[in-house]
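In what follows, chains carry the letters A, B, and so on, assigned in the order in which the sequence lines appear, proteins first and then strands, with residues in each chain numbered from 1.
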Amino acid sequence: MLDLVDTLKLRFEEALKSAYGNGSDSYEVAISPASNPQFGDYQTNLALTLSKQLKQPPRAIAEAVIGKVDLKDICEKPEIAGPGFINLKVATSYWEEKINAIKSDPRLGIAKAKHPRKVIVELSSPNMAKEMHVGHVRTTIIGDCLARVYEFAGHDVTRLNHVGDWGTQFGMLVAYLREVCPDALTKPDAISLGDLVSFYRQAKKRFDADAEFQNISRQEVVKLQGGDPDTLRAWKYLLEQSRHEAQIVYDLLDVHNLIERGESFYNEQLPEVVRDLQKAGLCVEDQGAKCVFLEGYKNEQGGPLPLIIQKSDGGYNYATSDLAALRYRVTVERAEEILYVVAADQADHLGPVYQVARRAGWVPDNVRIEHVQFGVVQGEDGKKLKTRAGETIRLKDLLQEGMDRARAELESRLAQEGRTESEEYKQQMARAIGIGAVKYFDLSLNRITNYVFNFDKMLSLSGNTAPYMMYAYVRIRGIERKGEIDFSKLPASAKVILGEPVELDLAKQLLAFDEMIETVTRDLLPNRICEYLFELSQKFNQFYEKAQVLSAPEPVRTSRLILCHLTAEAIKTGLSLLGISVLEKM
RNA sequence: GCGCCCGUAGCUCAGUGGAUAGAGCCCCCGCCUUCUAAGCGGGUUGUCGUUGGUUCGAAUCCAACCGGGCGCGCCA
């Protein structure tokens, strides 16, 4: 109810002006949801905030403002409580009017953005020399979720997959394969990605131990960057393999429309980036490397800390390609908002990159650049999650285990209830529930904090989990089936009547959808969506217990059917923002 | 050593300037002749890491300290 909040704000600002005259124009009135339902729906603490400025006790201000404010068409009489809180209880007739206004709108009354922004979400970004592992799950899921929310809000969204497809890691791999498995570099399908991963490991080991091999690897990098056809072809085969494997994971996660634009894309722009920084007077040569010294960062001795943009050997590192990427996104693509969905441990890398880009004058002031950081996925030991053997966990395996566990649970449940479902539907259920549970668990936690990965908790079917939301949805579909009703064909003339408290609570929650969307685009916290959906599902389940739908007399029956319809749309839409699908039956 | 993030109920976590700090899990009790009980209702649980400070008001802002995670000059 963003419009209601705006209206309340305006009315209180007018009342303030009329009570205290000029000078009160500058008073910003904050309207917030009531801290406790017993106090009503909204509250304003303006009397407390302005007490000092107006040199009056809060309660006196509250009295004066209430005497002036006109809210008859919206609320019951405002009440003053405690030290000077003003509590507002919105009239049921007002809620009825609002819910009836959106009753046939699948967007729940939410308008698309008046001024769509060009938004780039950088997400996933796996290292193409390796398989995707558990470390990629958060960036992929959170990034996709934010992209979906921005799309829903009507913005122009690009999901950029900034893959690691360049630099030393590939030189090293090509050098190693040239030696032990030359076929891999000339035939597209000579090795599998699994082989590639073990080759990568061996190559890395060799690289760390063997100076001669390091030289050879660096030469391969130079060849690659210089466009040597042999090396380039080998590089392309490696990428093909890797891409194919990554696609399996993206399909499982239902993440689409990724635009792969890796580090290699910016290769040609790197010299320009350095020249730009030189022109801007930011570039300093130090110990043979080209650097930009940072503001607000110190090195270990407390001295100035540089961001190295060109190494002493003339090569470039990832700071340069990240600068090139940022410059390209802002100056060529004209992005107005760039979200970097990247782990929190990169804060000391991205902060300097943003700083240098701004100091170079590439980024207009109104462009929003955010490091959407997230914590580590930990094992039970509180360290980065690994297998018992100390290996990284493949993302594909992790998702498969989620589906397997969901499938097993489902089978035993169906057997217990003597139900039969088609194999196709069972697969669909196992996937929706298994993948949904993994995604939901991650998205329901505040992204900033680390979390301990726990399959049992993740796949638990009660509490704030995906299945709880999906089940509420299934219950609604059940009503539609049982009553042989088509929600989309309910009579246009029918009205929602909010007679019971459970109906009123449900309607209010439905009308809060727009506030949730706004919060998420502001704070970039997907857990707010989960919180909203959990409350919505709880309110629906309470409604379901206390308010019989199909057996109710008209016009209550149709009124409740409309509420069911709207709730189903809200859950479906909300889950779709998380990238989770709904089921007709469970 | 320096920097960033985190510390809230037995466990997992919400809550980032306002009223008596919330939810889920766990545990106990009650509710299926009625739209799927993967549900609903009721009950127990707190030095908000510690100590100071700012404020009419602090879990929330500031400082120091303690504990945990992560990172730190030419890998990405």
Side-chain angles (χ1 to χ4, degrees), chain A residues 32 34-36 38-39 43 45 48-49 51-52 57-58 81-85 87 125 127 129 164 166-169 172 204 207-208 263 286-291 296-302 305-313 315-319 321-322 343-349 351 373-376 378 382-384 409 413 417 419 433 441 444-446 448-452 454 457 460-465 467-468 470-472 474-483 523 527-528 530-531 534-535 537-538 540-542 544-552 560 564 585-586:
Chain A
S32 51
S35 62
N36 185 318
Q38 76 185 69
F39 301 134
Q43 68 183 68
N45 304 336
L48 296 152
T49 319
S51 168
K52 190 171 273 182
F85 302 108
N87 291 330
S125 311
N127 178 347
W166 206 238
T168 314
Q169 51 189 344
M172 187 177 88
K204 177 89 170 95
F207 185 88
D208 290 339
E263 291 164 341
D286 191 73
Q287 297 169 38
K290 291 195 176 72
C291 306
Y297 290 84
K298 284 181 281 194
N299 69 12
E300 287 166 28
Q301 286 78 44
L305 186 74
L307 182 70
I308 292 172
I309 54 170
Q310 190 169 16
K311 298 189 282 185
S312 49
D313 67 2
Y316 302 97
N317 56 23
Y318 81 140
S321 62
D322 275 335
D345 60 19
Q346 295 297 307
D348 287 339
H349 163 64
Q373 50 184 296
F374 53 84
V376 180
Q378 299 173 316
K383 303 273 184 187
K384 241 179 202 166
E409 206 281 336
R413 189 178 172 75
E417 295 180 0
R419 286 167 56 191
I433 296 169
F441 184 80
S444 67
L445 303 176
N446 186 321
I448 310 289
T449 50
N450 300 340
Y451 74 84
V452 175
N454 182 319
K457 286 212 171 92
S460 157
L461 302 176
S462 50
N464 185 8
T465 63
Y468 181 88
M470 295 165 95
Y471 180 64
V474 161
R475 283 182 136 183
I476 300 172
R477 285 276 96 94
I479 291 172
E480 197 176 17
R481 254 196 320 274
K482 192 86 163 202
D523 299 335
N527 63 300
R528 297 284 162 75
C530 298
E531 204 173 74
F534 186 45
E535 278 173 33
S537 299
Q538 279 181 319
F540 174 75
N541 278 328
Q542 286 156 5
Y544 186 90
E545 293 291 325
K546 292 205 181 104
Q548 274 287 315
V549 177
L550 293 175
S551 60
R560 289 182 178 165
C564 286
K585 290 187 278 179
M586 282 171 83

Do you know the tightest heavy-atom contact between A34(A) and Q43(A)?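 That closest heavy-atom pairing would be CA-OE1, 3.6 Å.
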Selection from [options] that lies nearest to any side-chain heavy atom of [X]:
X: E545(A); options: A38(B), G73(B), G39(B); result: G39(B)
X: V376(A); options: A38(B), C13(B), G69(B); result: G69(B)
X: R475(A); options: G39(B), G71(B), G73(B); result: G39(B)
X: C291(A); options: G73(B), G69(B), G39(B); result: G73(B)
X: K384(A); options: A38(B), G73(B), G71(B); result: G71(B)
X: K482(A); options: G71(B), G73(B), C35(B); result: C35(B)
X: L48(A); options: G18(B), G73(B), C75(B); result: G18(B)

Can you classify the ring geometry of Y318(A) versus H349(A) as parallel (below 30°), tilted (30 to 60°) or perpendicular (above 60°)?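 Y318(A) and H349(A): parallel rings.
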With rounding to whole Å, what would you report as the distance between G69(B) and U47(B) at their C1' atoms?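 Taking atom C1' in both G69(B) and U47(B), they lie 25 Å apart.
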Same-atom distance (P) from C56(B) to G24(B), integer angstrom: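 That atom pair is separated by 38 Å.
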Ignoring hydrogens and angles, are the base of G15(B) and the side chain of N446(A) linked by a donor-acceptor pair under 3.5 Å?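 Under the 3.5 Å cut-off, the side chain and the base do not form any donor-acceptor pair.
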Quick one: label I448(A) by what it contacts on the DNA or RNA (base, sugar-phosphate, nothing), any heavy atom closer than 4.0 Å.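 It contacts sugar-phosphate atoms only.
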Please encode protein proximity along nucleotides 19-29 of chain B as a string of B, S and -, counting only heavy-atom distances under 4.0 Å. BB--SSS----
Side-chain heavy atoms of N541(A) within contact of R475(A), under 4.5 Å: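 Sidechains of R475(A) and N541(A): in contact.
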For the residue pair E409(A) and I433(A), establish whether any side-chain heavy-atom pair is separated by less than 4.5 Å.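 No, every pair of side-chain atoms sits at 4.5 Å or beyond.
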For C26(B), glycosidic torsion class - syn if within 90° of 0, otherwise anti: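 Anti conformation here, the glycosidic angle of C26(B) being more than 90° from 0.
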Tell me: NZ of K546(A) to C1' of G39(B), nearest whole Å?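 Result: 13 Å.
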My understanding is that a pair needs two contacts under 3.5 Å, Watson-Crick or G-U wobble. By that rule, which nucleotide pairs with A58(B)?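 When the pairing criteria are applied, nothing turns out to pair with A58(B), so the answer is none.
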Please list each protein N or O that sits under 3.5 Å from an N or O in nucleotides 7-10 of chain B, with the distance.
none

